[in-house]
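No experiment lies behind these values; they were computed from the predicted model shown.
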Amino acid sequence: MKTFNTGKITFEYPSNWEVEKADILSNPDCIATLSKGQDNLINAVSFPTATTLDDYKIFMEDAISDDGGVILASDFIEISGKGAIKLHANIDTPEINFDIHTYVFIERKTIYIFELRTLDISGESEKEFKNIIETFTILE
C-alpha cells in the first residue's frame with residue numbers, strides 16, 4: 001500500500017492504482033484523482049459546507065436521479081471511525097454504462113466526497129475503493 005497525504009487528509013491506496021494530476025482547473029475542490037487502468041477512476045473533493053449528511057444525501061440522490069442515474073443503494077454508515085453516506089448508482093448514457101460508488105463525510109464544517117466510477121463488474125475495484133476509504137484520516 002502507498003500513502004496519499006495532502007497535509008490535511010491522508011489515505012492508503014493499493015500500488016496498482018496510480019495518482020493522477022488533479023484537475024483543479026475544471027474542479028478547484030479536487031484533492032485527489034487516482035486511476036486503475038482506463039476503467040476505474042477515483043476523484044476526491046473537499047470544500048467548506050454548512051450542510052448536514054441528512055440534507056446532502058437528499059441532494060446527492062436527487063442530482064443522480066435528475067441526470068438519469070439509477071440509485072441501487074444509499075445508506076448512512078460508519079466507516080473509518082466517522083459517520084458517512086454510502087451510495088451506489090448506475091449511470092447509463094449513450095456513450096457508456098458505468099457504476100458509481102460514493103462515500104461522503106462531513107467533519108468540522110468540511111465535506112469530503114470520494115467517488116469511484118467503474119466499469120469493473122467483478123467487484124474488485126469496489127472492494128479496493130472501500131479499503132481506501134477505511135484508511136481515510138483527517139489530519140487537521
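Taking the charged nitrogens against the carboxylate oxygens, Glu124 and Lys36 do have a contact shorter than 4.0 Å, which makes a salt bridge.
Looking only at side-chain heavy atoms (C-beta outward), Phe114 and Asn43 stay at 4.5 Å or farther from each other. Taking the side chain as every heavy atom from C-beta outward, Lys130 and Tyr103 approach each other to under 4.5 Å. Side-chain contact between Tyr56 and Val104 is present, with at least one heavy-atom pair separated by less than 4.5 Å. A 4.5 Å side-chain heavy-atom check between Ile132 and Phe136 finds every atom pair outside the cut-off. A 4.5 Å side-chain heavy-atom check between Phe59 and Thr51 finds every atom pair outside the cut-off. Proximity of Ile85 to Phe76: side-chain heavy atoms (C-beta onward) are separated by under 4.5 Å at one or more points. Contact of the Thr110 side chain with the Thr49 side chain is not registered, since no non-hydrogen atoms from C-beta on lie closer than 4.5 Å. Using a 4.5 Å cut-off on side-chain heavy atoms (C-beta onward), Thr118 and His101 make contact.
Cluster annotation: Leu116 is not connected to Phe98 through the hydrophobic network of ILVMFWY side chains, with a link wherever side-chain heavy atoms come within less than 4.5 Å. Under the 4.5 Å side-chain contact rule for hydrophobic residues, Ile111 and Leu53 share a cluster.
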>> As a quick check of understanding, evaluate ring-ring contact (aromatic ring centres under 6.0 Å, His included) for Phe11 and Phe4, giving each step before the final call.
In response: CA-CA 5 Å; Phe11 57 85; Phe4 184 90; 5.0 Å; yes
> How far apart are the C-alpha atoms of Glu18 and Ser35, what are their side-chain angles, what is the distance that settles it, and do they pass the side-chain hydrogen bond (donor to acceptor under 3.5 Å, both in side chains) test?
Replying inline: CA-CA 5 Å; Glu18 295 290 327; Ser35 66; over 6 Å; no
>> Let's go through Asp120 and Asn40 carefully: what are the C-alpha distance in whole Å and the side-chain angles of both, what is the deciding distance for side-chain hydrogen bond (donor to acceptor under 3.5 Å, both in side chains) to 0.1 Å, and is it a yes or a no?
In response: CA-CA 7 Å; Asp120 178 6; Asn40 301 285; 5.2 Å; no
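Summarising the geometry, atom OG1 belonging to Thr52 is positioned 8.0 Å from atom CD1 belonging to Ile58; distances are rounded to the nearest 0.5 Å. Between atom CG of residue Asp55 and atom CE of residue Met60 there is a gap of 12.0 Å, rounded to the nearest 0.5 Å. From Thr135, atom OG1 reaches atom CE of Met1 across 5.5 Å, with rounding to the nearest 0.5 Å.
Proximity of a side-chain donor or acceptor of Asn5 to a complementary backbone N or O of Gly7 within less than 3.5 Å is detected. A donor-acceptor pair is defined here as one N or O able to donate and one able to accept, closer than 3.5 Å; no such pair exists between the side chain of Thr93 and the backbone of Ile91.
Residues Glu134 and Ser80 come closest through the heavy atom pair O-OG, 3.6 Å.
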